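Everything below concerns the one structure shown next.
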Amino acid sequence: MIAAKALRLALLAAGTAGGLSGAAYGLLNGQSRYARRVIGPPANDPLRADGVHLPNGTGPVPRRELPAGVEPLEFAVLGDSAAAGLGVDFPAELPGVLMARGLAEELDRPVALTTRAIVGTTSQELSAQVDAVLVRPPRLALIIIGANDVTSKLAVATCAELLGAAVRQLVGADVAVVVGTCPDLGAIRPIPQPLRSVARRWSLALGRAQRRAVEAAGGHAVPLADLLSPEFLARPGEFFSPDRFHPSAAGYEAAAAILLPAMCAAIGEWEGGPLPTAPTRSETAEARRPTSRIVAGLNRHLHRRTP
């Protein structure tokens, strides 16, 4: 995960692209070590509540308990720790459960949830989850991925291409696909400035590339950074779990509220009116785009102090 891999790879990429001096890179690398200590490793594995969820908000229940002739909608969740729901205390708070029950209520039909998401997954490992899902293709798949890609050695374009290939494979099997793109890692307070701005720049660039790749492959992209960044920035104590890295139950609930209409629309079942056009970049993210100025100012400051 990003905390375990130290953000050092992101710093290397940012240093290459942004012209960091050796002194500035050393400062940011020290900040990444501090962030690792503060965030720490996950205390527990994610909870699981796969199975059939009902329109009345209950579940999971065994399939044999469904009335004769009633077939649930098959729904799969793929991706990383945010897709798996790391950070919540109860199964009912998992994002997969929130969305399965939301779908069941909206469709007035049972929904069978299968979670393939694995903590620490990058776009490089996503194809294995897709292969597992396609053993029994669902009607709908949700993918949330990107945070761990920020720490990989892969270029943004490569990560987006891998995600696009996964979406294309699912769509080719007649699976409707919705992707929650990379969140804004600049909202994570334990990452100090200016390292936080580097993480923001990298994650927002990845999110934009993911959106283009997903839509080109026939999927439906939901830009989580653009839509959720204002809430997470304004209410970090409520929207982050105690590790201050993964979302809390409230954070996942906010994401589910944004993703659910897109998921219903992807399978032609949305009756809530036209979906709003998702922004290409949120006003908050645009206003908090100081990376280039910070890097330049940091280099100037350190050069003045260097004899």
Side-chain angles (χ1 to χ4, degrees), residues 48-55 59-60 63 66 70-85 94-118 121-146 149 159-182 207 209-224 255-256 258-272 275 278:
R48 282 288 185 268
D50 286 5
V52 178
H53 294 266
L54 305 178
R63 289 176 183 263
L66 295 177
V70 174
E71 290 295 328
L73 179 127
E74 301 291 337
F75 168 50
V77 178
L78 300 80
D80 57 21
S81 57
L94 291 167
V97 172
L98 291 173
M99 287 177 281
R101 292 181 179 177
L103 283 167
E105 181 180 6
E106 184 70 27
L107 306 178
D108 194 25
R109 174 185 176 186
V111 173
L113 169 66
T114 301
T115 304
R116 296 291 183 183
I118 298 173
T121 293
T122 68
S123 295
Q124 231 176 356
E125 292 93 42
L126 186 59
S127 62
Q129 296 183 22
V130 172
D131 290 341
V133 162
L134 290 181
V135 171
R136 183 180 177 182
R139 176 68 185 94
L140 174 66
L142 171 68
I143 303 173
I144 302 176
I145 200 161
D149 289 336
C159 295
E161 288 170 5
L162 290 168
L163 175 58
V167 172
R168 194 171 295 108
Q169 186 178 357
L170 289 164
V171 170
D174 201 27
V175 178
V177 183
V178 173
V179 176
T181 57
C182 186
Q210 287 178 322
R211 183 175 179 179
R212 292 191 294 270
V214 167
E215 291 175 350
H220 303 259
V222 178
L224 294 182
I258 288 172
L259 289 162
L260 183 60
M263 291 162 54
C264 292
I267 57 174
E269 296 288 351
W270 177 245
E271 298 180 356
L275 292 175

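Being a predicted model, the structure only gives us computed values, none of them experimental.
With rounding to the nearest 0.5 Å, the separation of CG in Leu78 from CG in Leu126 is 6.0 Å. One distance of note links CD of Gln129 with CG of Asp80; it measures 8.5 Å at 0.5 Å rounding.
In this structure the side chain of Pro55 reaches within 4.5 angstrom of the side chain of Asp108, judged on heavy atoms. Considering only heavy atoms from C-beta on, Asp149 stays 4.5 Å or farther from Leu163 through its side chain. Looking at Arg101 and Val111, their side chains never come closer than 4.5 Å, going by heavy atoms from C-beta outward. Using a 4.5 Å heavy-atom threshold, the side chains of Phe75 and Met263 count as touching. Between Leu54 and Pro110, the closest side-chain pair of non-hydrogen atoms falls below 4.5 Å. Within the 4.5 Å cutoff, no side-chain heavy atoms of Val177 are placed close to those of Val214. For the pair Val175 and Val171, the minimum side-chain heavy-atom distance is 4.5 Å or more. A heavy-atom distance below 4.5 Å is not found between the side chains of Ile144 and Thr181.
A donor-acceptor pair shorter than 3.5 Å cannot be found between the side chains of Thr114 and Asp50. A side-chain N or O of Gln169 and one of Asp131 form a donor-acceptor pair less than 3.5 Å apart.
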- Which is it for Ile143 and Leu170 under the side chain to side chain contact (heavy atoms under 4.5 Å, CB included) test, yes or no, and what are the steps along the way? CA-CA 11 Å; Ile143 303 173; Leu170 289 164; 4.0 Å; yes
- Task: Take Arg211 and Glu215 through the test side chain to side chain contact (heavy atoms under 4.5 Å, CB included) and record every step on the way to the result.
- Result: CA-CA 6 Å; Arg211 183 175 179 179; Glu215 291 175 350; 3.5 Å; yes
- Could you check Thr115 against Arg48 for side chain to side chain contact (heavy atoms under 4.5 Å, CB included), going step by step and ending with a plain yes or no? CA-CA 8 Å; Thr115 304; Arg48 282 288 185 268; 3.7 Å; yes
- Where do Thr122 and Cys159 land on the side chain to side chain contact (heavy atoms under 4.5 Å, CB included) test, with the steps shown first? CA-CA 8 Å; Thr122 68; Cys159 295; over 6 Å; no
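Distance alone, capped at 3.5 Å, places no donor-acceptor pair between the Glu74 side chain and the Leu140 backbone. A donor-acceptor pair under 3.5 Å is absent between the side-chain atoms of Arg63 and the main chain of Glu71, judged by distance alone. Side-chain atoms of Gln210 come within 3.5 Å of backbone N or O of Ile145 as a donor-acceptor pair.
Heavy atoms only, all atoms of each residue included: Pro137 and Ala173 are closest at CB-O, 4.4 Å.
Note on Glu125 versus Arg116: no salt bridge recorded, every NZ/NE/NH1/NH2 to OD/OE distance being 4.0 Å or above.
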